[in-house]
Amino acid sequence: MAYDETLAQRLRDKLTDPAVTERKMFGGLAFFTNGNMTVGVSGDELIVRLGPEGVAAALQRVGVRPFESGGRSMPGWILVAGDRLDDPELDRWLAEAYDHVATLPPKESLSPAKRRRGA
């Protein structure tokens with residue numbers, strides 16, 4: 001499945017921290033902060049990592065649905081419809097994802113061969 005390159009570029013423009021890397025996953029594109037997946041793009045939707053405690057409230061918002069991969073629900077993850085992502089809304093989702101990922105221990109960074117920054 002192809003991913004929305006325009007949304008991917010909007011994320012690249014906002015995710016300027018040197019701790020952020022990207023790589024293709026889930027048939028889309030994933031962005032990692034200190035080795036932890038934070039957000040991504042699948043088709044024309046934004047993947048957001050909120051942790052299990054953040055999902056219930058997020059699912060009450062318009063344009064949000066659970067994230068499934070391989071037919072399995074991914075606890076702590078949601079998808080946000082791309083047409084719901086004006087800049088302020090995208091910024092809110094990024095802030096929520098960063099708040100959650102900040103609570104996680106850093107993982108070993110990806111090898112240079114696996115990094116996909118701007119590719």
Trace of the side chain to side chain contact (heavy atoms under 4.5 Å, CB included) decision for Gln9 with Val41: CA-CA 10 Å; Gln9 188 59 51; Val41 183; over 6 Å; no
Locate the shortest heavy-atom distance separating [X] from [Y]; write the atom from each residue and the value.
| X | Y | answer |
| --- | --- | --- |
| Tyr3 | Gly27 | CD2-O, 4.4 Å |
| Ser73 | Glu68 | CA-CG, 3.9 Å |
| Asp4 | Asp44 | CB-CA, 3.9 Å |
| Leu29 | Ala8 | CD2-CB, 3.7 Å |
| Pro66 | Leu79 | O-CD1, 4.1 Å |

Short side-chain to backbone donor-acceptor contact, Arg49 and Met37, under 3.5 Å: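 Yes; at least one donor-acceptor contact below 3.5 Å.
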One thing to verify: whether Glu45 and Arg84 come together as a salt bridge, which I'm taking to mean a side-chain N less than 4.0 angstrom from a carboxylate O.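 No, this pair does not count.
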Salt bridge or not between Glu89 and Arg10? Use side-chain N to carboxylate O under 4.0 Å.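 Arg10 and Glu89: not salt-bridged.
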Would you give the length of the straight line joining atom [atom1] of [X] to atom [atom2] of [Y], rounded to the nearest 0.5 angstrom?
| X | Y | atom1 | atom2 | answer |
| --- | --- | --- | --- | --- |
| Asn36 | Phe31 | CG | CZ | 15.5 Å |
| His100 | Thr33 | NE2 | OG1 | 11.0 Å |
| Leu59 | Arg65 | CG | CZ | 11.0 Å |
| Trp77 | Ser69 | CH2 | OG | 10.5 Å |

Could you check [options] and say which one makes a side-chain contact (heavy atoms from CB on, under 4.5 Å) with [X]?
| X | options | result |
| --- | --- | --- |
| Trp93 | Val39, Ile78, Ile47 | Ile78 |
| Thr38 | Val101, Leu15, Leu104, Asp17 | Val101 |
| Pro88 | Leu85, Asp91, Asp86 | Asp86 |

Are any non-hydrogen side-chain atoms of Leu11 and Leu90 less than 4.5 angstrom apart?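 Answer yes - side chains close enough.
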Is the shortest heavy-atom distance from the side chain of Asp87 to the side chain of Lys14 under 4.5 Å?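 Asp87 vs Lys14: side chains touch.
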